[in-house]
Amino acid sequence: DVKVTQSSRYLVKRTGEKVFLECVQDMDHENMFWYRQDPGLGLRLIYFSYDVKMKEKGDIPEGYSVSREKKERFSLILESASTNQTSMYLCASSLRPPMNTEAFFGQGTRLTVV
Amino acid sequence: AQTVTQSQPEMSVQEAETVTLSCTYDTSESDYYLFWYKQPPSRQMILVIRQEAYKQQNATENRFSVNFQKAAKSFSLKISDSQLGDAAMYFCAYRWGGNAGKSTFGDGTTLTVKP
């Protein structure tokens, strides 16, 4: 059974803290993604990676960075957490195109910045 | 830029009835893929159904089927014989073969199933 695992389901952090969200997949997928989910805004892509050490900005990269040192692990970093980064964060992975495969998602991390 | 629009923020259906969720998209590409994902209250997003743009035949998965109108750029999801377990948020997504396979998602439709 394929699996994408996010390290935490709930996190509470203070403003200004450096926050790490971890994601691990066991499907040997090339692509990994970080999305932010807010009510009424759907899923917005923060960053994605198509190979180890490779990354590209998504639609809303400001305030975030990522790291992919191993194929199975993709980390999202909030350099200095702010209250407007309170949100649901979803990690996903997929095969590289042109495979018509879907993205597989983790269970999500609900981050609250106080 | 590709965009995906779900015009129905909320829908409700009576158990055992049929409901259709709407999705339109905008693209200049000719080869792409479309997906419907389901996100139940437990939050794990899972695939419901997929459609390759080059296929004229509409995809079907058990009680779920799509109405794919390529010229109109429309991709609606029909759920037949609705069950209580179908209650969830549904997202329509577009994926292009290029661009490292990024997907663009709609804003979602929350489906309520009434017993």
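Residue numbers start from 1 in every chain, and the chains themselves are labelled A, B, ... in the order their sequence lines are given, proteins ahead of strands. No experiment lies behind these values; they were computed from the predicted model shown.
- Each of A/Gly40, A/Gly108, A/Gly42 has some count of heavy-atom pairs under 4.5 Å with chain B, and the biggest count is that of A/Gly42.
- You'll find the side chain of B/Phe35 reaches within 4.5 Å of the side chain of B/Arg95, heavy atoms only.
- Contacts with chain A were tallied for B/Ser103, B/Gly108, B/Pro9; B/Ser103 has the most, counting heavy-atom pairs under 4.5 Å.
- Applying side chain to side chain donor-acceptor pair (under 3.5 Å) to A/Glu22 and the options A/Ser75, A/Ser8, A/Ser67, A/Ser7 leaves one that passes, A/Ser75.
- With a threshold of 4.5 angstrom between heavy atoms, B/Gln6 does not approach chain A through any atom at all.
- Under a 4.0 Å N-O distance rule, the pair B/Lys114/B/Glu15 does not qualify as a salt bridge.
- We find that A/Lys71 and A/Asp51 are not joined by a salt bridge, their nearest charged nitrogen and carboxylate oxygen being 4.0 Å or further apart.
- Between B/Tyr94 and B/Tyr33, the side chains place no donor N or O within less than 3.5 Å of an acceptor N or O (distance only, hydrogens not considered).
- With a 4.5 angstrom heavy-atom cutoff, A/Leu45 touches chain B only via side-chain atoms.
- Taking A/Arg44, A/Arg9, A/Glu30 one by one and counting their heavy-atom pairs under 4.5 Å with chain B, the maximum is reached by A/Arg9.
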